[in-house]
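Written out below as structure tokens is the structure these notes cover.
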Amino acid sequence: MSISAKGRTGLRMMVVLGQATEGEYISLRTITQKQGISYKYLERLIPSMVKSGLVESMQGKNGGYRLTRRPEDINVAEILVALEGPFESAPCQQCYLKPELEKVCPVIDNCKIIHMWKGYDKITTEYFESVSLADVCR
């Protein structure tokens with residue numbers, strides 16, 4: 001699995017929110033200033049974070065965005081999945097992720113490497129689940 005610019009940038013955005021005082025709303029302009037991320041790019045990322053329930057928004061003069069849980073209670077896997085979708089290491093392992101595709105794969109019955117992809121995904125997922133946003137913010 002590779003993490004795209006969307007995932008890397010989203011993590012940087014979440015670090016700013018994770019370093020904020022609990023309950024404080026942070027504007028996208030502040031995130032832009034602190035991380036050097038394009039405002040327009042943040043506008044494209046933030047809806048995924050709100051939809052996932054990791055971030056909430058408030059409009060108005062003192063509005064912005066804040067975490068819905070403490071940074072210690074949010075793991076990096078949640079953030080990456082919200083931005084990138086489920087972890088998938090290689091196209092050929094789609095069969096085990098989407099059982100309906102098993103019928104499409106001509107070698108599924110003799111595949112010798114599918115267990116390797118399953119193991120890789122398991123290790124990657126477990127690692128990102130073990131790292132909290134608070135760990136990243138330190």
Side-chain angles (χ1 to χ4, degrees):
M1 176 193 82
S2 65
I3 299 170
S4 73
K6 183 194 276 189
R8 293 189 304 273
T9 305
L11 280 170
R12 290 173 45 213
M13 173 183 65
M14 291 295 283
V15 165
V16 174
L17 297 177
Q19 291 175 329
T21 304
E22 190 171 339
E24 176 185 14
Y25 285 91
I26 305 294
S27 71
L28 291 185
R29 294 254 181 249
T30 299
I31 297 169
T32 294
Q33 292 166 352
K34 289 186 176 204
Q35 289 289 329
I37 302 167
S38 156
Y39 184 86
K40 290 270 187 204
Y41 197 63
L42 287 176
E43 284 184 314
R44 292 194 336 233
L45 297 181
I46 200 73
S48 296
M49 302 313 294
V50 172
K51 184 178 177 184
S52 72
L54 295 173
V55 171
E56 62 186 7
S57 66
M58 182 175 81
Q59 294 185 0
K61 183 180 176 190
N62 295 317
Y65 299 89
R66 70 178 181 187
L67 301 177
T68 58
R69 303 189 317 253
R70 297 174 335 137
E72 295 82 6
D73 299 328
I74 297 173
N75 66 55
V76 171
E78 293 176 275
I79 297 167
L80 293 175
V81 167
L83 294 163
E84 305 266 5
F87 295 119
E88 297 177 357
S89 56
C92 73
Q93 47 99 351
Q94 293 291 325
C95 299
Y96 87 85
L97 292 172
K98 299 175 183 155
E100 68 275 9
L101 294 181
E102 285 184 16
K103 297 175 183 99
V104 178
C105 181
V107 296
I108 190 68
D109 293 332
N110 296 316
C111 185
K112 303 295 183 199
I113 61 171
I114 199 164
H115 68 282
M116 177 191 70
W117 293 122
K118 287 180 182 182
Y120 176 81
D121 285 343
K122 182 176 186 263
I123 290 167
T124 304
T125 300
E126 287 174 355
Y127 174 72
F128 285 132
E129 286 174 345
S130 75
V131 179
S132 73
L133 181 57
D135 294 332
V136 176
C137 290
R138 289 189 182 122

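Any value given below was found using the heavy atoms of this structure, including those in side chains, with hydrogens, waters and symmetry copies removed. Sequence positions, counted from 1, serve as the residue numbers for this chain.
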Task: Expected output: side-chain T124 to main-chain D121 donor-acceptor under 3.5 Å - done: no

Open item on the list: Using 0.5 Å steps for rounding, measure from the OG atom of S57 to the CE atom of M49.
Closed with: 13.0 Å

TODO: Would you give the length of the straight line joining atom OG1 of T125 to atom OH of Y120, rounded to the nearest 0.5 angstrom?
DONE: 9.5 Å

Task: Whichever hydrophobic residues join I123 through chains of side-chain contacts under 4.5 Å - done: none

TODO: Please tell me if the side chains of L67 and L133 come closer than 4.5 Å, counting only heavy atoms from C-beta onward.
DONE: yes

- [ ] Supply the atom-to-atom distance I3 CD1 to L80 CG, rounded to the nearest 0.5 angstrom.
- [x] 4.5 Å

Open item on the list: Test: salt bridge (charged side-chain N to carboxylate O under 4.0 Å, His left out). Region: residues 14-24. Which pairs qualify, not counting sequence neighbours?
Closed with: none

Open item on the list: Does any part of the side chain of I31, heavy atoms only, come nearer than 4.5 Å to the side chain of L17, both counted from C-beta?
Closed with: yes

Task: Residue pair Y65 / V50, side-chain heavy-atom distance below 4.5 Å - done: yes

Open item on the list: Is it true that, when you exclude R69 itself, more than 12 heavy atoms of the residues, nucleotides or ligands shown sit nearer than 6.0 Å to its CZ?
Closed with: yes

- [ ] Please examine the side chains of M14 and V136, heavy atoms only from C-beta on, and report whether any two atoms are closer than 4.5 Å.
- [x] no

Open item on the list: Does anything in residues 38-60 form a salt bridge (charged side-chain N to carboxylate O under 4.0 Å, His left out)? List the pairs, not counting sequence neighbours.
Closed with: E56-R66

Open item on the list: Applying side-chain hydrogen bond (donor to acceptor under 3.5 Å, both in side chains) as the test, list every pair that has at least one member in residues 6-20; sequence neighbours left out.
Closed with: R12-Q35

Task: E84 and S4: side chain donor to acceptor below 3.5 Å - done: yes

TODO: List for me each residue that meets side chain to side chain donor-acceptor pair (under 3.5 Å) alongside R70, sequence neighbours excluded, and say none if there are none.
DONE: D73

Task: Results of side chain to side chain donor-acceptor pair (under 3.5 Å) for S27 - residues two or more places apart only - done: T30

Open item on the list: Per the salt bridge (charged side-chain N to carboxylate O under 4.0 Å, His left out) rule, what does the pair list look like for residues 126-138, sequence neighbours excluded?
Closed with: K122-E126, D135-R138

TODO: Only counting residues at least two apart or in another chain, list the ones meeting side-chain contact (heavy atoms from CB on, under 4.5 Å) with T32.
DONE: Y39, L42

